Amino acid sequence: MNCDNGNSSPKKYRIILLLASAALLVWPVVASFPVWFTDQAKGYKVESALICAALAAGCILLYKRRGAEAFLSAKLVCGIGLVALVANVLLNAELWDYLPQLGHAVFFAAGVACIALAVSRWLFGVLFPLCCICSLIDAVSRVVYGIVLDHDIVMQVFGANKAEVQNYLTPEVAGLLVLALLFIAGVVWLLLRMTRGESRLRLVGSGLLLLLVATAARQYTIPPDYKRNCSEWPLSLTRRTIKTIVKADGENRRLLRTLGTLPSLTAQDVSISTLKGGEGVLCILHIGESVRADHLGIYGYHRDTTPWLKSCDRLVRFDRCISSAPLTVYAFVSIMTDACGNVMDRDSAQTPPTVRSIVDVFRACGFKNATFSPLGRADSQRDLFVQSPYHSLLELFSEGGEMVTCPLDLMEQVGQVHGLAAREPSENRFILINNEGSHAPFGKYNQQNPPFTPASPKGRANRPATRPDMAELAQNAYDNTICYTDEYIRRLVEGLGNRPFIYIYVSDHGEYVGDDGGRWERGQVKEDYHRTGGCLVPLLVIASPEFEALHPHFREAMENMRANHAVTASQDHVYHTLLGLFGISHKSYDPAYDLGSKQVRPYSGEQPEPAE
């Protein structure tokens with residue numbers, strides 16, 4: 001870069017700049033040299049030719065008009081490049097896996113900084129830190145939690161709560177974030193100070209030249225299949241982060257809009273053949289949280305995590321149930337509506353919902369409805385966001401009924417459910433329960449007397465994949481939460497006394513606690529979720545003798561369920577099974593999805609291979 005700013009630049013800085021540039025840009029050629037002789041290098045594209053031509057034209061035009069005055073000194077360019085080098089090494093996490101592209105990333109970042117400074121120093125002081133913060137978020141996700149930020153992860157964050165965030169935001173992570181923010185502030189201050197007094201023309205000229213070198217080198221020194229967006233830091237990562245957030249928000253809005261626009265049902269739309277009203281029947285649908293079936297004793301787990309369920313002689317346990325999605329919001333739609341197929345993927349074969357929810361169906365049949373959840377209100381003190389998609393769904397499902405915000409302790413919730421059931425004992429009620437159960441950070445259990453020790457919910461937040469001591473803490477804590485859920489179900493069911501009731505338990509999705517080849521995160525499992533044990537969830541049904549004696553159809557349906565327990569079920573079956581159980585007639589009902597029907601068909605979609 002032959003340039004000065006009125007005085008001749010020291011020769012040594014020109015030599016340093018040339019040698020550093022050569023080393024950084026030749027590195028990828030050497031690193032990928034064998035690839036140039038493979039089929040991967042064939043059909044090489046010249047997609048950046050127009051960009052390079054435009055950048056070169058700008059540089060030539062400036063040089064012809066102003067000569068060397070159109071560019072920064074070699075010394076200053078070396079300084080800016082050094083800052084860009086340090087920033088890339090510390091903040092560009094994706095680059096760590098593709099170090100040969102470091103040179104391209106350094107030139108690109110330095111060029112972008114020069115152009116931004118030329119446009120507006122104030123704008124640079126605002127936007128550049130924001131870009132660095134996006135990089136920081138990605139770096140922390142990779143280094144601390146071992147995950148790559150994508151829209152599935154962001155959708156989980158949208159549904160997060162303060163307790164979960166506080167658990168993951170450990171003192172170590174908080175300290176790392178503070179240091180990183182101070183570093184970002186230092187980078188911005190240093191670049192502003194280094195370029196103070198420089199004209200916009202010189203900044204633009206050097207920025208164009210740096211971008212020309214970065215673009216041309218990236219295009220012509222790296223085989224096509226080896227290119228990564230990390231060489232366009234910080235713009236590429238910022239663009240990806242923004243697109244990720246927008247996509248996650250759009251997916252949530254699309255789903256909620258689909259349900260929200262469906263009309264509510266009335267008594268004229270449905271009919272029920274088994275009840276006339278006033279029987280005092282309780283239909284309890286309990287959607288558990290993050291419980292994978294293979295950690296339950298009744299599903300063959302080596303630990304006895306479900307002692308009460310194991311002894312319950314009225315339990316119907318379906319041997320295999322497939323969760324539709326690794327995200328609660330989508331799993332809710334599969335369970336609560338007649339939607340079938342992969343509701344996470346708009347392009348896959350699926351049947352969209354035609355009813356707002358099963359609660360709406362039962363309400364039209366004369367049932368009073370109530371929803372119990374610790375996150376049941378958008379103004380809850382535990383909310384991280386003002387209105388998450390999860391809250392929006394709960395509000396939709398609780399329309400026309402009660403929304404009960406439960407205490408955080410599961411056992412205290414039991415008393416609330418019993419209190420509601422006893423309030424009007426002759427009323428037929430549909431009760432929806434969703435509690436955090438085994439949700440990360442695995443803290444919902446009796447921590448004074450845990451069944452499995454040592455245990456700590458903090459284990460999940462400290463990269464257990466690489467720390468065996470944390471893995472044991474997290475796995476024990478997770479199994480403790482399942483024991484606690486077993487005790488919750490015992491207290492809930494036994495406390496209903498002689499009421500005619502049907503209790504259905506199904507988890508929204510599984511969890512990863514070192515299972516499936518050492519996996520620890522649900523993030524980025526959309527592609528292979530149904531090939532792992534994380535998609536296998538418990539599906540349990542308990543009916544009281546009073547319920548089965550209330551109508552011959554109830555007894556017949558329960559006998560069919562017991563006979564069908566080996567049928568591979570899915571969350572898609574729940575809606576139709578409940579409608580069929582109560583003899584509810586509606587056009588959305590399909591007996592092929594009714595586990596209480598002799599016409600039921602097993603789930604035939606993607607699923608993991610049965611364990612040997």
Side-chain angles (χ1 to χ4, degrees), residues 1 3 5 17 21 24 48 51-52 54-59 61-63 66 69-95 101-139 180-218 229-243 245:
M1 198 168 292
C3 42
N5 59 350
L17 185 58
S21 300
L24 288 171
S48 299
I51 298 176
C52 291
L55 292 171
C59 293
L61 181 63
L62 288 172
Y63 185 78
R66 293 294 184 91
E69 288 288 329
F71 304 98
L72 299 173
S73 69
K75 179 180 180 180
L76 183 53
V77 172
C78 282
I80 295 174
L82 183 60
V83 173
L85 173 65
V86 175
N88 265 283
V89 169
L90 294 181
L91 295 177
N92 191 355
E94 189 177 4
L95 181 67
Q101 298 191 34
L102 176 61
H104 312 85
V106 169
F107 275 86
F108 189 87
V112 169
C114 288
I115 298 293
L117 284 163
V119 173
S120 170
R121 295 172 67 85
W122 286 105
L123 189 63
F124 169 82
V126 173
L127 295 183
F128 192 77
L130 289 178
C131 292
C132 290
I133 289 172
C134 290
S135 301
L136 176 62
I137 294 171
D138 182 69
L181 291 174
L182 290 174
F183 170 76
I184 292 171
V187 167
V188 173
W189 175 82
L190 186 59
L191 288 174
L192 289 172
R193 189 174 187 277
M194 290 171 62
T195 58
R196 185 171 54 192
E198 296 293 344
S199 68
R200 292 184 176 181
L201 178 65
R202 292 192 180 109
L203 288 167
V204 169
S206 295
L208 291 176
L209 192 54
L210 288 165
L211 290 175
L212 172 62
V213 174
T215 305
R218 180 179 187 269
N229 289 331
C230 58
S231 60
E232 297 176 356
W233 184 88
L235 296 187
S236 59
L237 190 56
T238 304
R239 181 173 64 248
R240 191 185 76 188
T241 302
I242 293 174
K243 286 177 63 177
I245 294 173

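Given the structure is predicted, the values throughout are model-derived calculations rather than measurements.
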Asks: Does Glu198 offer a backbone N or O that forms a donor-acceptor pair with the side chain of Thr195 under 3.5 Å?
Replies: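 No.
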Asks: Roughly how far, to the nearest 0.5 Å, is the SG atom of Cys78 from the CG atom of Leu85?
Replies: 11.5 Å
Asks: Can you measure from CZ (Phe128) to CG (Leu191) and round to the nearest 0.5 angstrom?
Replies: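 If I round to the nearest 0.5 Å, the distance is 6.0 Å.
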Asks: Which atom names give the shortest non-hydrogen contact between Ala116 and Phe124, and what distance separates them?
Replies: CB-CD1, 3.8 Å
Asks: After noting the C-alpha distance and the side-chain angles of Leu117 and Leu192, does the key distance pass the side-chain contact (heavy atoms from CB on, under 4.5 Å) rule?
Replies: CA-CA 8 Å; Leu117 284 163; Leu192 289 172; 3.6 Å; yes
Asks: Hey, could you give me the CZ/CG distance between Phe71 and Leu201, rounded to the nearest 0.5 Å?
Replies: 8.5 Å
Asks: Are any non-hydrogen side-chain atoms of Phe107 and Leu211 less than 4.5 angstrom apart?
Replies: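 They are not in side-chain contact.
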Asks: Rounded to the nearest 0.5 Å, what's the gap from OG on Ser206 to CG on Leu72? Could you check?
Replies: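 The CG atom of Leu72 is 3.5 Å from OG of Ser206, to the nearest 0.5 Å.
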Asks: For Ile133 versus Ile184, what's the shortest heavy-atom pair and its separation?
Replies: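 Closest approach of Ile133 to Ile184: N-CD1, 4.1 Å.
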Asks: So, for Ala109 and Asn88, which heavy atoms are closest and what is the spacing to 0.1 Å?
Replies: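 That would be CB-ND2, 3.7 Å.
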Asks: With rounding to the nearest 0.5 angstrom, report the CG to OG distance, Leu90 to Ser135.
Replies: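 Interatomic distance, Leu90 CG to Ser135 OG, rounded to 0.5 Å: 11.5 Å.
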Asks: For the pair Leu203 and Val119, evaluate side-chain contact (heavy atoms from CB on, under 4.5 Å) and give the outcome as yes or no after the intermediate values.
Replies: CA-CA 9 Å; Leu203 288 167; Val119 173; over 6 Å; no
Asks: Report the distance from atom CG of Leu76 to atom SG of Cys114, rounding to the nearest 0.5 Å.
Replies: 7.5 Å
Asks: If you look at every heavy atom in Arg193 and Arg121, which pair is closest and at what distance?
Replies: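 Closest pair (atom of Arg193, atom of Arg121, distance): N-NH2, 4.4 Å.
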